[in-house]
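Worksheet: the structure to be examined is printed underneath.
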Amino acid sequence: MQVTRIWFILGLLVTQVVSAIAAFHQNNTASNSTVTSTGDGTAGKDFRLECDGSSMGLVQSHTRQGIYYLRGVCGGVYNDPHASRCSFLDLSMCYINDGGNIRAQRMGRLFDSCSNCVLYSSEGSNMLACTCGRGEHNGGGTQEAAVQLDDLLYVKNGFLSCYGYTNFECPYIDVPY
């Protein structure tokens with residue numbers, strides 16, 4: 001089962017990378033800017049450029065079972081090039097499970113039907129992979145699904161963000177989240 005999951009994730013990864021390369025080439029022919037649209041009219045730099053890659057991680061909530069936060073230390077705090085902050089973003093505010101496939105949607109409640117999520121990086125892209133329910137209309141059961149995070153997420157004043165939403169600064173070690 002684990003080997004099948006790995007092969008499935010690798011297959012999804014190849015598909016995502018090919019799509020990302022095509023989108024990259026299409027965007028670069030239109031503009032050489034690193035500023036991208038976030039889908040809500042707010043322009044922001046690609047969060048990979050604003051955040052410390054070694055700080056990125058997926059953290060499971062201690063108080064809200066089944067909720068995952070993306071954690072990262074990002075710059076852009078009040079346009080100070082030396083300032084950064086650690087923040088959490090609840091990814092269920094940004095994505096939905098659509099019949100076993102993860103896609104962007106405001107307040108999508110992804111984790112209502114997806115679990116066992118992992119964050120990984122491939123070819124410079126930040127990816128989220130989960131086991132998601134397919135829904136009764138798709139025959140039930142579960143399947144592995146993945147989504148590239150770089151197309152939607154951005155940094156706003158040092159906070160990881162999507163659709164204008166930010167969550168909170170990283171809590172102290174003894175504070176539940």
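Hydrogens, waters and symmetry mates are skipped; everything else that's a heavy atom, side chains included, is used. Fair warning: this is a prediction, and the values are worked out from it, not measured in the lab. Sequential numbering from 1 along the given sequence is applied to the chain's residues.
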Nearest 0.5 Å, please: how far is SG in C114 from CD in E144?
10.0 Å
Is there a path from V73 to V77 through hydrophobic residues (I, L, V, M, F, W, Y) whose side chains come within less than 4.5 Å of each other?
no
Once you round to the nearest 0.5 Å, how far does OH of Y163 lie from OH of Y154?
10.0 Å
Side-chain (D150) to main-chain (N126) donor-acceptor, under 3.5 angstrom:
yes
Could you pull out the closest heavy-atom pair between S161 and T166, with the gap in Å?
OG-CG2, 2.8 Å
In the structure I gave you, are the side-chain heavy atoms of D98 and Q105 within less than 4.5 Å of one another anywhere?
no
Supply the atom-to-atom distance Q148 CD to S125 OG, rounded to the nearest 0.5 angstrom.
4.0 Å
Given Q143 and N101, is the side-chain contact (heavy atoms from CB on, under 4.5 Å) satisfied, shown in steps?
CA-CA 8 Å; Q143 69 183 37; N101 298 301; 3.4 Å; yes
May I ask you to test the L128-L110 pair for a side-chain heavy-atom distance under 4.5 Å?
yes
In this structure, CD1 of I67 is separated from CD of Q60 (nearest 0.5 Å) by 9.0 Å
Distance in Å, R85 CZ paired with N157 CG, rounded so as to fall on 0.5 Å steps:
5.0 Å
Does a side chain donor of either E169 or S87 reach within less than 3.5 Å of an acceptor in the other side chain?
no
Give the intermediate values and the outcome of side-chain contact (heavy atoms from CB on, under 4.5 Å) for residues L149 and V147.
CA-CA 6 Å; L149 302 177; V147 65; 4.1 Å; yes
Should we count CZ of R103 as having more than 12 external heavy atoms under 6.0 Å?
yes
Candidate pair M93 and N167, rule side-chain contact (heavy atoms from CB on, under 4.5 Å), full reasoning
CA-CA 9 Å; M93 296 170 63; N167 274 143; 3.2 Å; yes
Would you call the rings of F168 and Y69 parallel, tilted or perpendicular, where under 30° means parallel and over 60° means perpendicular?
perpendicular
Cluster check I96, M107: I/L/V/M/F/W/Y, side chain < 4.5 angstrom
no
Hey, is C117 close enough to C130 that the SGs sit under 2.5 Å?
yes
What pairs of residues pass the ring-ring contact (aromatic ring centres under 6.0 Å, His included) test when at least one of them lies in residues 97-116, not counting sequence neighbours?
Y68-F111
On a heavy-atom basis, the closest approach of C162 and L89 is N-CD2, 4.2 Å
Please say yes or no: joined through hydrophobic side-chain contacts below 4.5 Å, possibly via intermediate residues, are L58 and F159 part of one cluster?
no
Residues forming a side-chain contact (heavy atoms from CB on, under 4.5 Å) with C74, sequence neighbours excluded
C51, V155, L160
When hydrophobic residues are tied together by side-chain contacts of less than 4.5 Å, even through go-betweens, does M56 share a cluster with I102?
yes
Any idea which heavy atoms bring V59 and R71 closest together, and the distance?
CG2-CB, 3.8 Å
Main-chain N/O of C132 paired with N97 side-chain donor or acceptor, under 3.5 Å:
no
